[in-house]
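Sequence lines set the chain letters: A, B, ... in the order given, protein chains first and strands last, and positions in each chain run from 1.
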Amino acid sequence: MERYDPHAIEPKWQRFWKEKGFMRAKEEGQKQYVLVMFPYPSGDLHMGHLKNYTMGDVLARFRRVQGYEVLHPMGWDAFGLPAENAALKFGVHPRDWTYENIRQAKESLELMGILYDWDREVTTCEPDYYRFNQWIFLKMWEKGLVYRAKGLVNWCPKCQTVLANEQVVEGRCWRHPDTPVEKRELEQWYLRITAYAERLLRDLEGLRWPEKVKAMQRAWIGRSEGAEIHFPLEGREEKVTVFTTRPDTLFGATFLVLAPEHPLTLALASPERRAEVEAYVEASRRKTEIERQAEGREKTGVFLGAYALNPATGERIPIWTADYVLYGYGTGAIMGVPGHDQRDFEFASRFGLPIRKVIERPGDPLPEPLERAYEEPGIMVHSGPFDGTPSEEGKAKVVAWLEERGLGQRKVTYRLRDWLISRQRYWGTPIPMVHCPRCGVVPVPEEELPVLLPDLKEVEDIRPKGKSPLEAHPEFYETTCPKCGGPAKRDTDTMDTFFDSSWYYLRYTDPHNEILPFDPEKARFWMPVDQYIGGVEHAVLHLLYSRFFTKFLYDLGLVSVEEPFQGLFTQGMVLAWTDFGPVEVKGEKVYLPEPTRIMLEVPRNELTLEEIQKMGAELREKEGRTHLFKPAVMSKSKGNGVMVGPFVREQGADIARITILFAAPPENEMVWTEEGVQGAWRFLNRVWRRVAEDREALLQVTEPLEAGNLKGADRALYAKLHETLKKVTDDLEALRFNTAIAALMEFLNALYEYRRENPVTPAYRRAILDYLRMLFPFAPHLAEELWHWFAPNSLFEAGWPELDEKALEKEVVEVAVQVNGRLRGTIQIPKDAPLEVARAEALKVRNVQAHLEGKEVVKEIYVPGKVLNLVVRG
RNA sequence: GCCGGGGUGGCGGAAUGGUAGACGCAGCGGACUUAAAAUCCGCUGGGGGGUAGCCCCCGUACGGGUUCGAGUCCCGUCCCCGGCACCA
C-alpha cells in the first residue's frame with residue numbers, strides 16, 4: 001500500500017484545478033460572494049496571514065460544490081507607506097518591491113491550495129484601478145461631498161503626513177504606536193462622511209455582523225440627542241451657542257466654557273485678561289493628546305473676562321476657556337452645570353464658581369452643598385416654571401420653551417468627523433485637482449483621467465519631507481487650468497490608501513472595465529458580499545469607509561445595495577510559542593536581562609513564577625540555559641512566523657489547513673504548535689489508510705445501495721453518515737470549522753470501528769465516498785486524490801451529498817431516566833414509544849428501582865426521545 | 001467609568017432548558033517490534049465504596065432564584081479579554 005505523501009499529490013491537483021478553472025465566476029444562477037480582506041503585499045507569508053484565506057477557501061469550495069456560482073477573488077492593497085519605506089531602505093522602487101511581494105504571496109497562496117478567480121485580480125497601484133479612485137473622487141466633488149478646509153490636523157512625525165481621526169489610536173499613529181500624533185494647521189481635502197452619519201448608524205441594524213463591531217461603529221458615529229442653546233453676550237451683539245444633552249439643567253448653568261480653539265475665545269477676551277488667555281490657547285495648541293492625558297483629569301482653564309446671560313434665568317455668568325472642552329464636538333462650547341455634570345463640578349470647585357442644584361433626587365433629597373454632581377434623572381427644582389417636572393420630560397419642555405423664544409432648538413450631534421484624505425506621500429493616488437490662480441480649485445475633467453503618478457526614479461525623490469514629494473516635481477504639477485487654459489498647478493498630495501480599499505470589492509465584479517469603475521449590472525448580480533472575512537482592527541476604518549462609499553454609489557445609482565457586506569466574520573489571530581530570551585531563576589523570582597512589557601503595564605525586568613504562569617508563559621531549557629517562552633502573534637519582527645513555503649514543502653498544505661482550522665474556533669486566537677500539526681497529520685493519515693486499505697475491495701463493490709433496506713451495522717453506519725453530513729453542513733454554514741472537523745474525525749472513528757467487524761459493503765462504499773465529498777473543503781488535495789481512485793470526475797463536479805432526512809429518524813432511541821431530576825439509568829425504546837412503554841422499561845432498570853424503593857411517584861415528565869423524569873416523594 | 005464578549009478537565013475546546021466534558025492534544029496502560037518511531041486497542045474531571053457487574057457524592061467563577069430538570073433562563077457579586085474614554 002502506498003503511503004500518504006502530501007508532497008506527491010498536492011501540486012498535481014493544484015495544477016488540475018487551475019487548468020479546469022473551477023473557481024471562475026460567471027453571472028448566472030444563484031450566487032455567493034465570498035471575500036477575504038485583501039492584503040497589503042508585504043513579503044513572504046506565514047501561517048498567521050494564511051488563516052483568513054484558508055477560511056475563505058473552505059467556504060468558497062463548499063458553496064461551489066453546493067451548486068452556487070461563487071465569486072472568490074483576490075487582489076492587493078498595493079499603495080502605501082511600507083513600500084516607500086522599503087524603497088528608502090533598500091533603494092528599490094516601491095513598484096518593484098510591491099510586485100515582488102505580490103509574486104511571493106501568490107506563490108504561498110497557491111501552495112496552500114487556495115483557489116481564486118485570478119482573472120479578476122485587482123492591484124490598486126495600477127493606473128487602471130486608481131483612475132477610478134479619481135473618478136469616484138470627482139463624482140463626490142460634484143455632489144458636494146469633497147471639500148478643502150484649513151484647520152488643526154493630526155500629523156504623524158514618523159509618517160511625515162497627516163492622518164484621519166480613525167487612524168489615531170490613543171493619541172498615537174495607528175502604524176507607530178510609540179509616536180504621539182502632533183497637531184498642525186493645514187489646508188487639506190476632506191470627504192463629507194458626516195453627511196451619511198445617520199444612515200451609517202441606522203443600517204447597522206440589519207447586518208449579520210459581530211455585535212462587537214457594530215458596537216464599535218455605533219460608538220464611533222456617536223449620535224446624541226440634545227439641544228443647541230444660544231447664550232446672549234453682555235455688551236455684544238453675538239451669541240455663544242452651546243450644545244447640551246441636558247437642556248433640563250439649563251437653570252443650573254452658572255458659567256460657559258469655550259474650547260481653546262474656538263474663534264470667540266480670543267475675540268471675547270477682555271484687554272486685561274488677553275495675555276493670559278493667549279498664553280493658555282497657545283499652550284493647549286502645542287500639547288499632544290498624550291500630554292493632555294498625562295496631566296490626568298485635573299481641570300485647567302482661564303477666565304476670559306467676559307460674561308454671558310443665562311437665557312432662562314437672565315443671570316450674568318462668566319465665560320471661561322478650558323481644554324476639557326473639545327473644539328471638534330458639538331459647537332465647541334458648553335454651558336457649565338456643575339450641579340449635574342461631574343466634569344463641570346470639578347471645574348467649578350477648582351475655580352470657585354457657583355454650584356447650583358436644579359434636579360432633585362426623588363425620595364432621597366441631595367445634600368447641600370452638593371458633594372458631587374448628581375447626573376441621574378430626577379425632579380426639576382429652582383427652575384422657574386418647570387419646578388416639579390420630571391427631568392426626562394423637562395428636556396423636551398425646556399427645548400420647546402427655548403424654541404418659542406428663538407433661544408435654541410433641538411439638535412442631534414455626532415462624534416463622527418469628516419474624513420481627511422490628503423497624504424503628503426508619494427506612493428498613492430494623485431488627487432485629481434488643479435489649483436488655478438484665477439479660477440481657484442478646478443477638478444480635472446473626467447476624460448483626462450488618470451492623473452498618472454510620475455515614475456520617480458531616485459530614492460531621494462520619494463523621501464517624505466513634511467510636504468508631498470511631488471511638490472519637488474514641476475514636470476508633474478505644472479499644468480494648465482481646465483477652465484481658463486492658463487498656467488496652473490496640480491494638487492501634489494496623494495489619497496489616503498483607505499480610499500483604494502473602500503470600493504475594491506466592487507471592482508472584482510467587473511475588473512477590466514475601462515469606462516466605469518464597474519458595470520452596475522454586474523455589481524447588481526454579485527453584491528452584496530455574502531460573507532466577508534477579516535481582522536477586527538478595521539472595525540472603524542475600512543469597514544466604515546466602505547459602507548460610506550457603497551451608500552454614495554447607491555445614491556449615484558451604480559450599486560443596488562446600501563450595505564456592501566451582509567455577513568462579517570472577524571477571525572482570531574495566529575500565535576506561536578516565542579522565545580523571549582534567556583532568564584535567570586532565583587527561587588520564586590525570574591530575572592530578565594532587559595525590562596520587558598510583555599503583559600505588563602510598566603516594563604520590568606523581574607517577574608515572579610506566579611506572574612509567569614498567569615500570563616501563560618513557560619520556562620524552558622534551551623542550550624543549557626533557561627529561556628522565557630510565551631505565545632505571541634506571529635510576525636516578521638518577532639521572527640516567530642511559521643513560513644508557508646517551507647512548511648508546505650516539508651509537511652503539506654492539507655496538514656496546514658487542518659492545523660489552522662481545528663485548533664480553535666475561528667473567531668478565537670489559536671496557538672500554532674507542533675502537537676497541533678501532529679494531530680492534523682494523524683487525522684489525514686488515518687483517512688488515507690482507511691481508504692487505501694480498502695481500495696481494492698471498494699472497487700469491487702458494484703451493487704447499488706438501497707438505503708431503505710439496510711440492516712444492523714450498515715444501517716447504523718448510514719444513519720451516522722447522515723448525522724455527520726447534517727452537522728458538517730450546518731457548521732460550514734456558520735463557519736464553525738473546528739466542530740465540523742471534529743464531526744469528520746468522529747465519523748472516521750466510526751468507519752474504523754465498522755471495519756473491525758464488517759466487510760466492505762455498498763453502505764460502506766457510500767460512506768467512504770460521501771466522506772471524501774465532505775472532507776473536500778477542508779483537505780481538498782487528499783480528498784481529490786482518494787476520490788479519483790473511484791471516480792473519473794473532480795470533487796468540484798461531484799456536488800455536496802444530499803441529506804437523507806429519513807436516515808436521521810432513529811427507530812430505537814436512548815432515553816435518559818431520571819429520578820427527581822438526577823440521572824439513574826438509560827433505556828432503549830422505540831422513538832415514538834408512549835409513556836406507558838417508557839415507564840415500564842424504566843422500572844426494569846435495577847438502579848432506577850433502587851431509587852424508587854419505598855417512594856411514591858407523584859409526577860412523570862416524559863420528553864420522547866430525550867428524557868423520562870420520575871418525581872418521587874417519601 | 002461606559003459599551004461589547006467571556007469565565008466548563010492538565011491544555012485547545014463540545015453541549016436547540018433534557019445523559020456536562022464531543023473531537024483533539026498531553027498523560028497512563030496494553031499489543032506489535034530486537035529496539036525506537038509509526039500504528040492499533042483501552043483508560044483518562046475530582047472524591048469515595050465494591051471481588052466484580054457496577055454504585056454513591058461533588059463538579060461548568062461565586063451567591064441567590066425560576067423549573068420536574070439549569071453550563072444554558074432571571075437577579076446580584078467577583079474576575080478576565082476587547083473597544084471607547086473630559087464627546088457636554
For [N] and [M], measure between their [atom1] atoms and round to the nearest Å.
N      : M      : atom1 : value
B:rC2  : B:rA61 : C1'   : 23 Å
B:rA14 : B:rC74 : C1'   : 25 Å
B:rG42 : B:rU60 : C1'   : 28 Å
B:rG46 : B:rU51 : P     : 22 Å
B:rA88 : B:rA15 : C1'   : 48 Å
B:rG48 : B:rU33 : C1'   : 41 Å
B:rG18 : B:rC40 : P     : 35 Å
B:rC73 : B:rU67 : C1'   : 10 Å

Centroid-to-centroid, [X] to [Y], below 6.0 Å?
X        : Y        : value
A:Tyr329 : A:Tyr414 : no
A:Trp320 : A:Phe351 : yes
A:Phe662 : A:Phe737 : no

Tell me: [atom1] of [X] to [atom2] of [N], nearest whole Å?
X        : N      : atom1 : atom2 : result
A:Glu170 : B:rC86 : CD    : P     : 11 Å
A:Leu744 : B:rA22 : CG    : P     : 18 Å
A:Trp220 : B:rG83 : CH2   : P     : 13 Å
A:Tyr862 : B:rG18 : OH    : C1'   : 13 Å

Grab the N/O contacts between the protein and nucleotides 26-33 of chain B below 3.5 Å, and write none if there aren't any.
residue: B:rA26; atom: OP2; partner: A:Arg682; partner atom: NH2; Å: 3.1

Do [X] and [Y] come close enough that some side-chain heavy atom pair is under 4.5 Å?
X        : Y        : answer
A:Thr249 : A:Ile359 : yes
A:Leu541 : A:Trp174 : yes
A:Trp220 : A:Asn165 : yes

Between [X] and [N], is there a side-chain N or O to OP1/OP2 distance below 4.0 Å?
X        : N      : result
A:Tyr329 : B:rA88 : yes
A:Arg686 : B:rC40 : yes
A:Asn668 : B:rG13 : yes
A:Asn749 : B:rG24 : yes
A:Thr739 : B:rA22 : no

From the options [options], select the nucleotide whose nearest atom is closest to the side chain of [X].
X        : options                : answer
A:Ala664 : B:rG12, B:rA22, B:rA88 : B:rG12
A:Glu814 : B:rU19, B:rA88, B:rC23 : B:rU19
A:Thr245 : B:rG83, B:rG18, B:rA88 : B:rA88
A:Arg415 : B:rA88, B:rA85, B:rG83 : B:rA85
A:Arg689 : B:rU39, B:rA88, B:rC3  : B:rU39
A:Tyr752 : B:rC40, B:rC23, B:rA88 : B:rC40
A:Arg756 : B:rC41, B:rA88, B:rA14 : B:rC41
A:Glu211 : B:rG4, B:rC84, B:rA15  : B:rG4

Can you check whether any acceptor in the base of B:rC3 is under 3.5 Å from a donor in the side chain of A:Lys212, or vice versa? no
Could you tell me whether a side-chain N or O of [X] sits under 3.5 Å from a main-chain N or O of [Y], the two making a donor and an acceptor?
X        : Y        : answer
A:Thr729 : A:Lys727 : no
A:Asn847 : A:Gly825 : no
A:Gln342 : A:Ala373 : yes
A:Asn820 : A:Val872 : yes

Give every residue pair that meets the salt bridge (charged side-chain N to carboxylate O under 4.0 Å, His left out) criterion with at least one member in residues 245-254 of chain A, sequence neighbours excluded. A:Arg246-A:Asp248
Base-pairing string, 5' to 3', of RNA chain B - Watson-Crick or wobble, under 3.5 Å, | interstrand: (((((((..(((.....[....))).(((((.......))))).(((((....)))))..(((((..]....))))))))))))....
Are A:Tyr324 and A:Glu346 close enough that a side-chain donor and a side-chain acceptor fall under 3.5 Å? no
Donor-acceptor pair between A:Tyr280 and A:Thr265 side chains, under 3.5 angstrom: no
Contact nearer the 5' end of RNA chain B, comparing A:Val867 with A:Phe662: A:Val867
How do A:Trp681 and A:Gly330 order along RNA chain B: which one's closest nucleotide is nearer the 5' end? A:Trp681
Assigned chi class of B:rG9 under the 90° convention is syn
With a non-hydrogen cut-off below 4.0 angstrom, is [X] in contact with a base, only sugar-phosphate, or nothing?
X        : answer
A:Thr413 : nothing
A:Asn738 : sugar-phosphate
A:Val325 : base
A:Pro210 : nothing

Excluding sequence neighbours, so at least two apart, what forms side chain to side chain donor-acceptor pair (under 3.5 Å) with A:Glu375? none
Per-nucleotide protein contact string for nucleotides 66-72 of chain B (B base, S sugar-phosphate only, - none; heavy atom under 4.0 Å): --BS---
All heavy atoms of A:Met670 vs all of A:Ala664, minimum pair found to be CB-CB, 4.1 Å
Extract from the structure each pairing of a protein N or O with an N or O of nucleotides 55-59 of chain B at less than 3.5 Å, listing the distance.
residue: B:rC55; atom: O3'; partner: A:Asn847; partner atom: OD1; Å: 3.2
residue: B:rC56; atom: OP1; partner: A:Arg824; partner atom: NH1; Å: 3.1
residue: B:rC56; atom: OP1; partner: A:Asn847; partner atom: OD1; Å: 3.4
residue: B:rC56; atom: OP1; partner: A:Asn847; partner atom: ND2; Å: 3.1
residue: B:rC56; atom: OP1; partner: A:His851; partner atom: NE2; Å: 2.7
residue: B:rC57; atom: OP1; partner: A:Arg824; partner atom: NH2; Å: 3.4
residue: B:rC57; atom: OP2; partner: A:Arg824; partner atom: NH1; Å: 3.2
residue: B:rC58; atom: OP2; partner: A:Arg822; partner atom: NH1; Å: 3.4
residue: B:rC58; atom: OP2; partner: A:Arg822; partner atom: NH2; Å: 2.7

Looking at A:Glu261 and A:Arg285, is any side-chain nitrogen of the basic one under 4.0 Å from a carboxylate oxygen of the acidic one? no
Name the one of A:Leu843, A:Val815, A:Val837 that satisfies side chain to side chain contact (heavy atoms under 4.5 Å, CB included) with A:Ile827? A:Val815
